**Q** 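Below: one structure in structure tokens.
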Number of protein chains: 2
Amino acid sequence: MSEFKRSSSRPQVNPQPVPKIGKSERTRAAILNAALDFIWSHPFRDMTVHSLMASTGLSRSAFYQYFNDLHDLMETLLETVRVEVLAVTGPWFTGVGDPVVLLNESLDGLVDVCYRQGPILRAIDDAAATDKRIEKAWAQFFGEFNDAASARIEADQGQGLIPDFAARPVAIALNHLDAYTLIEAFGRRPRSKREPVREALARIWISTLYGSEWLGKESSNLVRT
Amino acid sequence: MSEFKRSSSRPQVNPQPVPKIGKSERTRAAILNAALDFIWSHPFRDMTVHSLMASTGLSRSAFYQYFNDLHDLMETLLETVRVEVLAVTGPWFTGVGDPVVLLNESLDGLVDVCYRQGPILRAIDDAAATDKRIEKAWAQFFGEFNDAASARIEADQGQGLIPDFAARPVAIALNHLDAYTLIEAFGRRPRSKREPVREALARIWISTLYGSEWLGKESSNLVRT
DNA sequence: TGATATTCTGACATCATGTCGGAATTTAAA
DNA sequence: TTTAAATTCCGACATGATGTCAGAATATCA
């Protein structure tokens with residue numbers, strides 16, 4: 001029924017325009033795009049199968065040929081974001097070189113992705129509150145990052161770069177810090193400015209792990225200010 | 001229909017047992033207790049007016065004499081928790097004396113309250129995802145803490161106790177850190193152990209604000225280890 | 001063109017919500 | 001104790017969202 005405006009610049013689901021592609025895949029992508037459009041301009045709680053399909057020209061029941069329910073659809077979106085976030089945070093998790101520089105790189109990337117995907121992340125988090133399966137997927141998503149961050153902290157502790165403390169609870173806490181600070185800042189419009197958020201996160205991570213004397217070490221400039 | 005077990009030790013809503021009290025207030029308290037019982041053993045998404053009232057012996061429609069809807073009820077619970085959390089975090093926000101000691105005190109208290117009220121906090125957060133009004137109340141709740149923390153940080157910056165940086169984004173981030181770390185740790189059963197969580201939070205707050213050399217300064221013992 | 005497979009739809013059953021008129025019960029006065 | 005007023009409670013209803021299914025419409029391809 002109620003058409004919602006298509007918002008200008010948001011990521012689209014690859015429509016594979018040229019090559020031979022089943023109608024089925026095209027319709028599925030259309031529904032996913034409708035979902036993205038919706039999420040960009042409404043809270044997840046207002047999303048219904050009806051409201052979604054209205055903007056596609058198809059009937060409500062057609063939805064169920066492509067997804068089991070709205071949460072199934074949200075899991076698909078989570079998977080896209082998951083890949084992107086994992087890729088961009090790679091430097092600190094697995095890179096070699098000055099860890100503070102790598103950490104800054106990873107945080108930069110993370111802030112960027114979350115700025116672009118904020119409403120999606122927020123919608124996923126909201127959806128996790130209303131569905132067991134998404135809740136589980138969301139928890140696994142966090143789990144990956146908790147494992148990776150714990151491992152990195154322990155490795156750096158082994159090198160004497162980070163003081164000795166129980167790595168995992170700190171890793172978990174810092175990941176929650178990121179996730180919810182970023183969702184809050186960028187999950188609804190108008191989104192906050194990127195820079196103050198980035199600075200706050202970097203300050204907290206670096207002070208906690210490597211010591212505040214390394215703050216502001218953005219590039220691999222080896223001179224300590 | 002389905003009875004859910006009453007879990008042993010959780011806060012009860014004051015039933016005002018002895019003095020003359022309207023039947024209305026007693027029933028209202030009974031419903032609130034039923035809600036607490038429910039939340040203690042089920043996720044918020046499974047709570048329905050039906051499931052709630054079944055455990056009270058009253059009809060479903062009786063519920064609406066006492067609350068507009070489930071979210072109205074959740075707002076009542078939020079208010080209780082809000083008061084308790086504000087009280088326990090008072091030391092660092094408004095106290096005088098060594099700020100690191102005060103901060104430790106506040107975090108101790110906060111961890112304690114959240115350990116006891118974890119499932120409620122989690123339910124409120126879940127409810128905020130599904131209702132505009134709770135979302136707003138929840139945001140105001142955070143707002144109070146963001147204001148108080150920003151003010152304290154700025155005050156201590158004025159004293160030269162905390163390095164100069166934009167206080168508010170850091171305050172917001174640290175508050176999200178607490179909220180979601182604590183909800184994650186204590187919001188569902190089995191709850192995590194308190195100590196590792198407390199230590200992780202204290203480490204992060206203190207490293208970020210006052211510098212890691214003050215870690216472990218729990219009492220007003222003025223000797224620095 | 002016609003046969004087959006795919007995609008789509010309307011109608012249905014289910015379930016939770018919130019409202020309403022009136023029934024049942026409590027309260028307090030006579 | 002009786003009775004009338006007020007409070008508390010309940011069944012029944014209308015609404016709106018969900019997910020399913022049989023069959024209609026459409027696309028695909030020989």
Side-chain angles (χ1 to χ4, degrees), chain A residues 1-2 4 15-17 19-35 38-39 42-76 123 126-127 129-134, chain B residues 1-2 4 13 15-35 38-39 42-76 123 126-127 129-134:
Chain A
M1 179 180 303
S2 70
F4 45 88
Q16 299 279 62
K20 249 196 183 153
I21 182 183
K23 169 163 197 180
S24 169
E25 279 108 28
R26 258 181 292 121
T27 308
R28 192 183 150 95
I31 295 175
L32 282 169
N33 278 320
F38 188 93
I39 284 168
H42 306 279
F44 174 75
R45 62 171 162 269
D46 291 342
M47 186 161 101
T48 68
V49 177
H50 177 84
S51 67
L52 219 55
M53 298 306 284
S55 77
T56 69
L58 295 179
S59 79
R60 189 178 68 81
S61 39
F63 173 87
Y64 295 96
Q65 303 251 311
Y66 300 93
F67 302 97
N68 294 318
D69 52 32
L70 288 178
H71 302 104
D72 184 19
L73 182 153
M74 294 305 296
E75 262 187 277
T76 306
D126 287 350
T130 66
D131 183 81
K132 208 177 211 166
R133 288 199 335 275
I134 304 193
Chain B
M1 179 181 300
S2 70
F4 44 88
V13 169
Q16 299 278 62
V18 180
K20 246 193 186 157
I21 182 182
K23 170 164 198 182
S24 169
E25 278 107 32
R26 257 182 295 118
T27 308
R28 190 183 151 95
I31 295 175
L32 282 169
N33 279 320
F38 188 93
I39 285 167
H42 305 278
F44 174 75
R45 62 172 163 268
D46 291 343
M47 186 161 101
T48 68
V49 177
H50 177 84
S51 68
L52 218 55
M53 298 305 284
S55 77
T56 68
L58 295 179
S59 80
R60 190 177 67 81
S61 39
F63 173 87
Y64 295 96
Q65 304 252 308
Y66 301 93
F67 302 96
N68 295 318
D69 52 34
L70 288 178
H71 302 104
D72 184 20
L73 181 154
M74 293 306 295
E75 263 188 276
T76 306
D126 288 351
T130 66
D131 183 81
K132 207 176 210 166
R133 288 198 336 275
I134 303 192

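The figures that follow rest on heavy atoms only: side chains count, while hydrogens, waters and symmetry mates do not. Small disclaimer: the values here were computed from a predicted structure and weren't measured. Proteins come first, then strands; the chains are lettered A, B, ... in the order of their sequence lines, and each starts at number 1.
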**Q** In whole Å, I'd like the distance from the CE atom of A/Met53 to the C1' atom of D/dA17.
**A** 15 Å
**Q** Treating A/Thr76 as the side-chain partner and A/Asp72 as the backbone partner, does any N or O pair qualify as donor plus acceptor under 3.5 Å?
**A** yes
**Q** Please work out if A/Thr48 contacts a base, only the sugar-phosphate, or nothing of the nucleic acid, heavy-atom cut-off 4.0 Å.
**A** sugar-phosphate
**Q** Over all heavy atoms of both residues, which pair between A/Ile39 and A/Met47 is shortest? Give the atoms and the distance, please.
**A**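 Scanning both residues completely, I find the closest heavy atoms to be CG1-SD, 4.4 Å.
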**Q** Work out which heavy atom in A/Met74 is nearest to a heavy atom in A/Ile134; give both atom names and the distance.
**A**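 Where A/Met74 meets A/Ile134 most closely, the heavy atoms are CB-CD1, 3.5 Å.
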**Q** Of A/Thr27 and B/Asn68, whose nearest nucleotide on DNA chain C comes first from the 5' end?
**A**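 With A/Thr27 and B/Asn68 compared, the 5'-side residue is A/Thr27.
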**Q** Whole angstrom is fine here: how far is it from CZ in B/Arg26 over to P in D/dC9?
**A** 10 Å
**Q** Starting at atom CZ of B/Arg28, determine the distance to atom C1' of D/dT7, rounded to an integer number of angstrom.
**A**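 Checked: the CZ to C1' distance equals 16 Å.
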**Q** Nearest whole angstrom, please: distance from the P of D/dA17 to the CG of A/Leu52.
**A** 13 Å
**Q** Taking for each residue the nucleotide of DNA chain D bearing the nearest heavy atom, is the 5' side occupied by A/Gln65 or by A/His71?
**A**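 Per heavy-atom nearest nucleotide, the more 5' residue is A/His71.
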**Q** With distance as the sole criterion, do the side chain of B/Ser61 and the base of D/dG11 form a donor-acceptor contact below 3.5 Å?
**A** yes
**Q** Let me know the distance between CE of A/Met47 and C1' of D/dG16, rounded to the nearest Å.
**A** 17 Å
**Q** Can you tell me whether the side chain of A/Arg60 and the base of C/dG10 have a donor-acceptor pair closer than 3.5 Å?
**A**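 Answer no: no donor N or O sits under 3.5 Å from an acceptor.
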**Q** Please state how far atom CD in B/Glu25 lies from atom P in D/dT7, giving the value in whole angstrom units.
**A**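 After rounding, the reported distance stands at 12 Å.
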**Q** How many whole angstroms separate atom CG of B/Asp46 from atom P of C/dA16?
**A** 10 Å
**Q** Using every non-hydrogen atom in the two residues, find where B/Leu73 and B/Phe63 come nearest and quote the distance to one decimal.
**A** CD1-CE1, 3.8 Å
**Q** Choose from C/dT17, D/dG19, D/dT18 the nucleotide whose nearest atom is closest to any side-chain atom of B/Tyr64.
**A** C/dT17
**Q** Is B/Tyr66 close enough to D/dT8 that one of its side-chain N or O atoms is under 4.0 Å from OP1 or OP2 there?
**A**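 Checking B/Tyr66 against D/dT8: no side-chain N or O falls below 4.0 Å of OP1 or OP2.
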**Q** How far apart are the closest heavy atoms of B/Asp46 and B/Phe38, and which atoms are they?
**A** O-CZ, 3.3 Å
**Q** Roughly how many Å is it from CZ in B/Arg45 to C1' in D/dA17, rounded to a whole number?
**A** 19 Å
